[in-house]
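These notes concern the structure reproduced below.
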Amino acid sequence: MSVGTLSTNAFAERLENVLSRIRSCAQRCNRSPDEITLLAVSKTHPAEAIREAISLGLNDFGENRVQEAESKIPIVGRDAARWHLIGHLQSNKARKAVELFDVIHSLDSVALAQRLGRICVELDRATLPVLIQVDLGHETTKTGIDEKDLNELVAAVTESERLELRGLMTLPPFFDEAEKARPYFQRLREARDELQARGAFGDRSGDLAMGMTHDFEIAIEEGATIVRIGTAIFGERNRTET
């Protein structure tokens with residue numbers, strides 16, 4: 001059996017390499033590896049690859065597009081894994097997102113928070129865990145809420161009977177030198193710490209979803225609790241996809 005262009009053995013080796021790097025980095029930082037969730041970014045990869053990843057012990061998968069996830073999740077199984085929406089969520093896809101995903105990482109406006117809350121009521125979903133995507137890099141190709149508007153969105157989520165604020169997420173600019181992403185991770189941690197001190201996450205510490213294949217070790221050093229790894233696990237994705 002093969003996963004994409006990888007043999008099963010090669011796939012397992014890639015996954016173990018990532019897990020080993022996470023463990024080593026956590027230990028260097030005097031953190032427990034158990035504090036860090038590996039979110040496998042499965043966007044553009046087929047259901048077969050996700051099934052193989054599940055068989056190797058992965059439980060959490062990140063999809064960028066609601067439409068793509070809608071075609072894959074039923075094949076893999078809605079309850080076979082925890083499904084995370086990590087891409088921008090358009091309001092017209094919100095209902096389907098509430099049906100498909102366990103967690104939404106890309107909440108970026110009060111209007112979207114209110115819409116998600118209403119849909120949860122309509123679908124009789126008791127709680128929807130969300131992370132707020134904070135725009136720290138101010139790139140035109142990326143979304144997220146500006147830091148100055150973060151408190152307003154936090155208040156909207158807190159006031160919602162159905163939304164549960166789990167943490168913050170950010171996508172810093174891509175740097176060939178991963179170290180240059182560190183200030184963005186530090187800023188997100190500082191924002192999280194301020195919210196935590198105010199009790200915004202209830203009895204939780206507040207997740208920090210930050211770091212990808214090229215910079216996740218820097219993110220772990222700065223407190224990441226969720227790292228999004230795609231290429232290092234699944235290999236290069238289909239570049240014809242966006």
Task: Heavy-atom side-chain contact between Val98 and Cys120 under 4.5 Å - done: yes
Task: Side-chain donor/acceptor of Asp207 to backbone N/O of Ala209, under 3.5 Å - done: no
Open item on the list: Looking at every heavy atom in both Ser106 and Gly87, which two are closest together, and how far apart are they?
Closed with: OG-O, 2.5 Å
Open item on the list: Do Val130 and Phe101 land in one hydrophobic cluster if side-chain heavy atoms of ILVMFWY residues count as linked below 4.5 Å?
Closed with: yes
- [ ] Establish whether Phe11 and Leu58 are linked, either directly or via other cluster members, by ILVMFWY side-chain heavy-atom contacts under 4.5 Å.
- [x] yes
Task: Atom of Ile218, atom of Arg182 and distance for their closest heavy-atom approach - done: CD1-NH2, 3.3 Å
Task: 4.5 Å side-chain heavy-atom contact, Asp60 and Val103 - done: no
Task: Atom pair CZ (Arg95) and CZ (Arg118), whose distance is rounded to the nearest 0.5 Å - done: 10.0 Å
TODO: Report the C-alpha separation of Ile22 and Phe216 in whole Å, then their side-chain angles, then the decisive distance to 0.1 Å, and conclude whether the side-chain contact (heavy atoms from CB on, under 4.5 Å) test is met.
DONE: CA-CA 8 Å; Ile22 290 173; Phe216 73 85; 3.7 Å; yes
TODO: Let me know which of Ile104, Thr158, Leu116 forms a side chain to side chain contact (heavy atoms under 4.5 Å, CB included) with Leu163.
DONE: Leu116
Task: Distance (rounded to the nearest 0.5 Å) between Asp176 CG and His214 NE2 - done: 9.0 Å
Task: His88/Gln133 under side-chain contact (heavy atoms from CB on, under 4.5 Å): CA gap, chis, key distance, verdict - done: CA-CA 9 Å; His88 177 61; Gln133 181 175 354; 5.8 Å; no
Task: Leu195 side chain reached by Asn151 side chain, heavy atoms, under 4.5 Å - done: yes
Task: Straight-line distance of Asp215 CG to Met210 CE, nearest 0.5 Å - done: 9.5 Å
Task: Atom of Ala69, atom of Pro74 and distance for their closest heavy-atom approach - done: O-CD, 3.9 Å
- [ ] May I have the step-by-step check of side-chain contact (heavy atoms from CB on, under 4.5 Å) for Met169 and Arg228, ending in yes or no?
- [x] CA-CA 11 Å; Met169 183 268 269; Arg228 302 179 299 273; 3.4 Å; yes
TODO: Please check if atom CD in Gln67 has more than 12 non-hydrogen atoms from other residues, nucleotides or ligands closer than 6.0 Å.
DONE: no
- [ ] Spell out, as yes or no, whether a donor-acceptor pair under 3.5 Å connects the side chain of Lys142 to the backbone of Leu136.
- [x] no
Task: Shortest non-hydrogen separation from Ala200 to Val154 and the atoms involved - done: CB-CG1, 4.1 Å
- [ ] Take Glu164 and Arg166, measure what salt bridge (charged side-chain N to carboxylate O under 4.0 Å, His left out) needs, and give me the verdict at the end.
- [x] CA-CA 6 Å; Glu164 180 182 281; Arg166 287 286 183 88; 2.4 Å; yes
Open item on the list: For the OH atom of Tyr184 and the OG1 atom of Thr170, what is their distance to the nearest 0.5 Å?
Closed with: 9.5 Å
- [ ] Identify the residue among Val41, Leu39, Thr231, Leu171 that makes a side chain to side chain contact (heavy atoms under 4.5 Å, CB included) with Met212.
- [x] Leu171
Open item on the list: Determine whether a donor-acceptor pair (N or O, by modelled atom type, separation under 3.5 Å) exists between the side chain of Arg125 and the backbone of Thr127.
Closed with: yes
Open item on the list: Treating Arg192 as the side-chain partner and Leu208 as the backbone partner, does any N or O pair qualify as donor plus acceptor under 3.5 Å?
Closed with: no
Task: ILVMFWY cluster, Phe61 and Leu100 together (side-chain gap under 4.5 Å) - done: yes
- [ ] Determine whether more than 12 heavy atoms belonging to other residues, nucleotides or ligands lie under 6.0 Å from atom CD of Glu161.
- [x] no
- [ ] Decide whether Leu15 and Val76 are clustered together by the hydrophobic rule: side chain heavy atoms of Ile, Leu, Val, Met, Phe, Trp, Tyr closer than 4.5 Å, transitively.
- [x] yes
- [ ] Give the minimum heavy-atom separation between Asp102 and Pro129, together with the two atoms involved.
- [x] O-CD, 3.2 Å
Task: Spacing of CD1 belonging to Ile36 relative to CG belonging to Leu19, to within rounding of 0.5 Å - done: 11.0 Å
- [ ] Check for a donor-acceptor pair, side chain of Thr37 on one end and backbone N or O of Ile226 on the other, with a separation under 3.5 Å.
- [x] no
- [ ] Check the angle between the aromatic planes of His45 and Phe234 and answer parallel, tilted or perpendicular using the 30° and 60° thresholds.
- [x] parallel
TODO: Apply salt bridge (charged side-chain N to carboxylate O under 4.0 Å, His left out) to the pair Arg78 and Glu99, showing each step before the final yes or no.
DONE: CA-CA 10 Å; Arg78 175 65 181 82; Glu99 293 175 349; over 6 Å; no
Open item on the list: Do Val227 and Phe175 land in one hydrophobic cluster if side-chain heavy atoms of ILVMFWY residues count as linked below 4.5 Å?
Closed with: yes
TODO: Answer yes or no: is there a donor N or O on one side and an acceptor on the other, between the side chain of Lys43 and the main chain of Ile86, under 3.5 Å?
DONE: no
Open item on the list: Could you report the tightest heavy-atom contact between Gln196 and Phe201, atom names first, then the distance?
Closed with: N-CE1, 3.7 Å
Open item on the list: I need the Leu153 CG to Asp149 CG distance, nearest 0.5 Å.
Closed with: 9.0 Å
- [ ] Check the pair Glu63, Arg65 against side-chain contact (heavy atoms from CB on, under 4.5 Å), reporting the backbone distance first and the verdict last.
- [x] CA-CA 6 Å; Glu63 289 286 329; Arg65 291 176 167 181; over 6 Å; no
TODO: Would you check if the side chain of Ser20 reaches a backbone N or O of Glu16 as a donor-acceptor pair within less than 3.5 Å?
DONE: no
TODO: Report the C-alpha distance between Glu190 and Arg187 in whole Å, list the side-chain angles of each, state the deciding distance to 0.1 Å, and finish with yes or no for salt bridge (charged side-chain N to carboxylate O under 4.0 Å, His left out).
DONE: CA-CA 5 Å; Glu190 291 165 359; Arg187 284 164 60 189; over 6 Å; no
- [ ] Could you tell me whether the side chain of Glu68 and the main chain of Thr44 form a donor-acceptor pair under 3.5 Å?
- [x] yes
Open item on the list: Please check if the number of heavy atoms outside Glu152 that lie under 6.0 Å from its CD is greater than 12.
Closed with: no
Task: Side-chain donor or acceptor of Arg31 paired with backbone N/O of Ile220 under 3.5 Å - done: yes
